[in-house]
Amino acid sequence: MSPSIRTHALRYPVPTHLWMPETTMICITIWILLLSLCCCLRLLLGTRRRRPTEPPLENGNIPYLGCALRFGSNPLEFLRSCQRQHGCIFTCRIAGQYIHFLCDPFSYDTVIHHRRHLDWNKFHLSTSAKVFGHESMDPSHGHTTEDLQQTFQKTLQGKALPSLIQTMMENLQSAMLLSGTSKTRVMDWQQDGILAFCYKVMFEASYLTLFGTELSTHKKEGPFKQEVQKATVLSALENFKEFDKIFPALVAGLPIHIFKTGRSARENLAKNFLYQNLSRRNNISDLISLRMHLNDTLSNFDDLSKAKTHLALLWASQANTLPVAFWSLFYLIRSPEAIKAATEEVTKMLESSGQTTSLHRPHPTLSREQLDSMLVLDSIIKEAMRLSSASLNIRIAKEAFQLDLESKRSYHIRKDDMIAFYPQMLHFDPEIYEEPLTYKYDRFLDEKGQEKKTFYKDGRKLHNYFMPFGSGVTKCPGRFFAMYEIKLFLTLLLYHFELELVDGDIKTPPLDQSRVGLGILQPTHDVDFRYKYKTP
Ligand code: HEM
C-alpha cells in the first residue's frame with residue numbers, strides 16, 4: 001500500500017465489512033481497463049470507412065450518434081450544407097444507422113421504383129409494432145397473412161370514398177355546430193385557439209367516421225345522446241394527445257415504460273378498440289370492419305394486439321390531418337385574398353346545387369365530384385402542406401447493390417443501409433417554388449384556374465415536386481380521403497361562420513421541429529381566432 005493511501009486509511013478507517021483483498025482490487029481494475037478497451041475498439045471499428053464507389057460519407061463527431069444532433073436540430077440546413085459539400089447523394093451516420101440521402105429529385109423515381117433491392121415495408125412495419133405495441137404485421141414473421149396494402153386500397157380509395165365523404169360530412173356538421181340547444185351560443189362571437197378548434201372538431205368527426213358511433217348511446221334521447229358521445233370522443237382525444245407527445249421518442253427507440261402518462265394513454269386508447277367495445281358500435285367504416293375480420297381470420301394476434309392494430313390506424317388517420325387542418329385554416333383566415341377566393345368557390349358550388357348560404361339550410365351536402373372541382377380549396381390545402389410537411393421517405397437495402405442515378409453516376413449501397421429523401425428540400429427550393437417561404441394560396445393553380453402540375457428545376461419539368469404523402473408503394477393510402485376531409489372542414493366553416501383572427505397582425509407560429517421526419521409539423525403554439533354564425 002502506498003504511504004498516501006495508508007495515511008488516508010488511518011485518518012478515515014474503512015469499516016471491516018467493506019475491506020477488499022488487494023488481488024480483488026487488481027482484478028476489478030483489469031476488468032475496467034479491458035471493458036474500456038473493448039468500447040474504444042467497438043467505436044473505432046463501428047465507424048465506417050468509405051469505399052471508392054460509395055457516396056461521400058459523413059460519420060459525424062459523436063460516437064454512435066454520428067450526425068444525429070446536427071440533423072435533428074435543423075434537418076433542412078444540415079442536408080443543404082452536406083449537399084453543397086458533397087453533391088446530390090451522401091451518406092450520414094445517424095444513431096448507428098447509415099443513411100444515404102438523395103437530393104436529386106430527378107433520381108427519386110429510380111429509388112421509388114427500385115423494388116428488387118429496396119424494401120419499403122420493413123421500416124414501416126417494424127416501427128408500427130414498436131410504437132403501437134402490437135405483434136409484427138410483417139407476413140414473413142408468421143403472425144398474419146393480411147396484405148395491408150390491399151386492405152387500404154379497398155377501403156380508403158375508389159368506390160369506398162363516396163360513403164366516407166358522406167359520413168364525414170354529417171359528423172363534421174354535428175361536431176362543428178354543437179348540439180341543437182347550444183346553437184344560439186354561436187350567434188355571438190366565440191373565441192378559441194385554431195389548433196384547439198381543429199383538434200376538437202376534426203378528431204371527433206374523423207373518429208366517428210372510422211370507428212362508428214356507440215350503440216348504447218342510441219337508446220338515449222337527442223341532444224343528451226350527442227353530449228355523451230362527444231364526451232367519450234373528447235376523452236379519447238386527450239389520450240391521443242398524450243400518446244402523440246411521446247410518439248417521436250418511441251420511433252427513436254425509447255421504451256414506452258419510461259413514459260407513465262403516455263403509456264397509460266396508449267393503453268386507454270387501445271381498450272376502446274377491443275373486440276367487445278368495437279362490437280358495441282354502429283356504422284363502423286369498411287376499413288375497420290374489414291380489418292377486424294382479417295385480424296380474426298388471418299392472424300394469430302391476441303385481443304390486445306388486434307386492438308393496437310386499430311390504434312395504429314387511428315394515429316395514421318389523425319396525426320397529420322389535424323395539423324394540416326390547422327395550417328390550412330390559419331393561412332386562410334390570415335390571407336384576405338385566400339378567404340375571398342375560397343368563400344366565392346364555396347358559395348358558387350353550393351348555389352349551383354341549389355343550396356344557398358342560409359341558416360334555413362343547415363346541412364349542405366357535397367359529392368365527391370363537387371369536391372374534386374373545388375380547386376381553390378385544393379390549392380389552399382396543398383400550399384399549407386408544402387409549408388409544414390417534413391416527412392422522410394425511407395427504403396432499406398435488402399442486399400448490396402449498385403444504385404444508378406439519373407445523372408448516369410452509380411453508387412454501391414451496402415445491405416441494410418437506408419436510402420432516404422427529404423421532400424422539404426423540394427418544397428423549400430426557390431428554383432421550384434418562387435419565394436418558397438411565402439404563403440401563396442393560388443400556388444397550385446394555373447392561369448386558367450386549373451390545377452397547376454408543371455414545376456421546373458434546372459429548366460426541366462419535375463415529376464416529383466409535391467410529396468407530403470410520401471412516394472411510390474408506401475404513399476399514404478388515405479391521401480384522397482384526407483384531402484376531402486379538410487375540404488369539407490373548410491367548406492363548412494366558410495358556409496356557416498364569419499371568421500377572424502383575434503390579432504390580425506400575428507406572425508406565423510414556428511414549426512415544432514421535434515416531429516421532423518414524421519410528417520406534418522405542428523405549430524409551436526396556438527393562435528386565437530373568433531367565429532360566429534353568418535346572419536342570413
Ligand atoms: C393530410 C393528411 C395526411 C398526410 C399528410 C399523410 C401522410 C402520410 C405519410 C407521409 C405516410 C408515410 C408514407 C411513406 O412512408 O412513404 C402515410 C402513411 C399512411 N397513412 Fe397517411 N397521411 C394523411 C392522412 C391519412 C388519413 C386520413 C389516413 C386514413 C384514413 C391515412 C392512412 C395512412 C396509412 C394507413 C399509412 C400507412 C401505409 C403503409 O404503411 O403502408 N393517412 N401517410
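Indexing begins at 1, ligand by ligand and atom by atom, following the structure's order.
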Do the ring planes of Phe203 and Phe240 sit parallel (below 30°), tilted (30 to 60°) or perpendicular (above 60°)?
tilted
Mind checking what makes side-chain contact (heavy atoms from CB on, under 4.5 Å) contact with Thr297, not counting sequence neighbours?
His293, Leu294
The answer, listing residues by chain and number that come under 4.0 Å of ligand 1 through any heavy atom, is His124, Gln149, Phe152, Leu156, Leu313, Ala316, Ser317, Asn320, Thr321, Val324, Pro468, Phe469, Gly470, Ser471, Thr474, Cys476, Pro477, Gly478, Phe481, Ala482, Glu485, Ile520
With Asp417, which residues qualify under salt bridge (charged side-chain N to carboxylate O under 4.0 Å, His left out), at least two apart?
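Asp417 satisfies salt bridge (charged side-chain N to carboxylate O under 4.0 Å, His left out) with Arg48 only.
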Who pairs with Asp512 by salt bridge (charged side-chain N to carboxylate O under 4.0 Å, His left out), at least two apart in sequence or on another chain?
none
Aromatic contact, Tyr199 with Phe326 (centres under 6.0 Å)
no
For Lys487, is there an ion pair with Asp378 - N to carboxylate O distance below 4.0 angstrom?
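Salt bridge: yes.
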